[in-house]
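As structure tokens, the structure follows; a few thoughts come after it.
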Amino acid sequence: QVQLLESGGGLVQPGGSLRLSCAASRTLGSDNVMSWYRQSPGKEREWVATITSGGIAYADFVKGRFTISRDIPLKTVYLQMRNLKPEDTAVYYCKVAGPVGDSWGQGTQVTVSS
């Protein structure tokens, strides 16, 4: 199985920006689907964004503010977050879904507060 390691989280003021990274333990095939999810205490984990070889999709609540991207060859996926809001506070997780199975990272904390 592939290991995923998120990084780049931290404390930022409302309106600020952060870039999250998710590094895979090995290079992944182009048919893998990479996604970002987030979860706050007491709330369900929610989908944020997905990138595939064929396109990109975003949740409505981040569209226009967040950008997902990936390296080719595929080893790292990124989430550029702009105009952050307090409600964006959560642990952010990356996920790979591919022909050999799915894997989740351990998460990185993002806190948006003044």
Side-chain angles (χ1 to χ4, degrees):
Q1 71 148 38
V2 62
Q3 270 67 225
L4 302 176
L5 180 61
E6 300 97 334
S7 62
L11 175 64
V12 65
Q13 296 202 51
S17 299
L18 285 173
R19 189 182 76 158
L20 306 184
S21 298
C22 173
S25 58
R26 60 175 173 83
T27 298
L28 303 172
S30 61
D31 54 350
N32 282 271
V33 176
M34 304 296 299
S35 298
W36 286 96
Y37 290 76
R38 69 187 189 186
Q39 188 169 24
S40 298
K43 298 175 68 177
E44 295 291 315
R45 186 169 298 187
E46 60 185 352
W47 170 74
V48 174
T50 293
I51 186 167
T52 72
S53 61
I56 294 170
Y58 298 99
D60 287 343
F61 53 82
V62 302
K63 191 171 184 178
R65 299 189 297 123
F66 292 9
T67 302
I68 189 171
S69 61
R70 66 181 194 167
D71 291 338
I72 301 296
L74 179 56
K75 199 167 192 296
T76 306
V77 63
Y78 306 92
L79 186 68
Q80 177 67 56
M81 306 185 294
R82 306 178 188 276
N83 191 25
L84 284 161
K85 304 175 180 180
E87 54 262 43
D88 295 319
T89 295
V91 177
Y92 283 71
Y93 300 89
C94 64
K95 174 191 175 185
V96 57
V100 298
D102 299 349
S103 296
W104 289 86
Q106 288 281 284
T108 186
Q109 176 72 47
V110 172
T111 302
V112 184
S113 176
S114 60

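Numbers here simply count residues along the sequence, with the first being 1. From a predicted model like this one, the values you see are computed outputs, not experimental measurements.
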[atom2] on [Y] to [atom1] on [X], rounded to 0.5 Å:
{"X": "Trp47", "Y": "Lys95", "atom1": "CH2", "atom2": "NZ", "result": "11.5 Å"}
{"X": "Arg26", "Y": "Leu74", "atom1": "CZ", "atom2": "CG", "result": "10.0 Å"}
{"X": "Tyr78", "Y": "Thr67", "atom1": "OH", "atom2": "OG1", "result": "14.0 Å"}
{"X": "Asn83", "Y": "Ser17", "atom1": "CG", "atom2": "OG", "result": "8.0 Å"}
{"X": "Ser69", "Y": "Ile56", "atom1": "OG", "atom2": "CD1", "result": "7.5 Å"}
{"X": "Cys94", "Y": "Arg70", "atom1": "SG", "atom2": "CZ", "result": "14.0 Å"}

Assert yes or no for the condition that the ring centre distance of Phe66 to Trp36 is strictly below 6.0 Å.
->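 No, they do not, as the ring centres are separated by 6.0 Å or more.
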
Full working for side chain to side chain contact (heavy atoms under 4.5 Å, CB included) between Glu87 and Phe61 = CA-CA 10 Å; Glu87 54 262 43; Phe61 53 82; over 6 Å; no

Side-chain ([X]) to main-chain ([Y]) donor-acceptor, under 3.5 angstrom:
{"X": "Lys75", "Y": "Ala24", "result": "yes"}
{"X": "Ser40", "Y": "Thr89", "result": "yes"}
{"X": "Tyr58", "Y": "Ile68", "result": "yes"}
{"X": "Ser103", "Y": "Val2", "result": "yes"}
{"X": "Gln106", "Y": "Glu6", "result": "no"}

Any chain of hydrophobic side-chain contacts (each under 4.5 Å) joining [X] to [Y]?
{"X": "Val110", "Y": "Leu79", "answer": "yes"}
{"X": "Tyr92", "Y": "Leu5", "answer": "no"}
{"X": "Val112", "Y": "Leu20", "answer": "yes"}

Give the minimum heavy-atom separation between [X] and [Y], together with the two atoms involved.
{"X": "Thr76", "Y": "Ser21", "answer": "CG2-CB, 4.3 Å"}
{"X": "Ser35", "Y": "Tyr37", "answer": "CB-CE1, 3.6 Å"}
{"X": "Leu4", "Y": "Cys22", "answer": "CB-SG, 3.9 Å"}
{"X": "Val62", "Y": "Val48", "answer": "CG2-O, 3.7 Å"}
{"X": "Thr108", "Y": "Gly9", "answer": "OG1-N, 3.2 Å"}
{"X": "Arg38", "Y": "Ala90", "answer": "CB-CB, 3.8 Å"}

Answer yes or no: are there more than 12 heavy-atom neighbours, outside Arg82 itself, under 6.0 Å from its atom CZ?
->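 Open: at most 12 neighbouring heavy atoms sit under 6.0 Å from CZ of Arg82.
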
Positive for side-chain contact (heavy atoms from CB on, under 4.5 Å) with Val33, one of Leu28, Thr52, Ile51, Val96 |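 Single side-chain contact (heavy atoms from CB on, under 4.5 Å) partner of Val33 among Leu28, Thr52, Ile51, Val96: Thr52.
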
Would you check if Asp88 and Met81 make a side-chain contact, meaning some heavy-atom pair closer than 4.5 Å?
->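 When only atoms from C-beta onward are counted, Met81 and Asp88 do not touch, as no gap falls below 4.5 Å.
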
Residue pair Leu11 / Ser113, side-chain heavy-atom distance below 4.5 Å |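 In short, these two side chains touch, coming nearer than 4.5 Å.
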
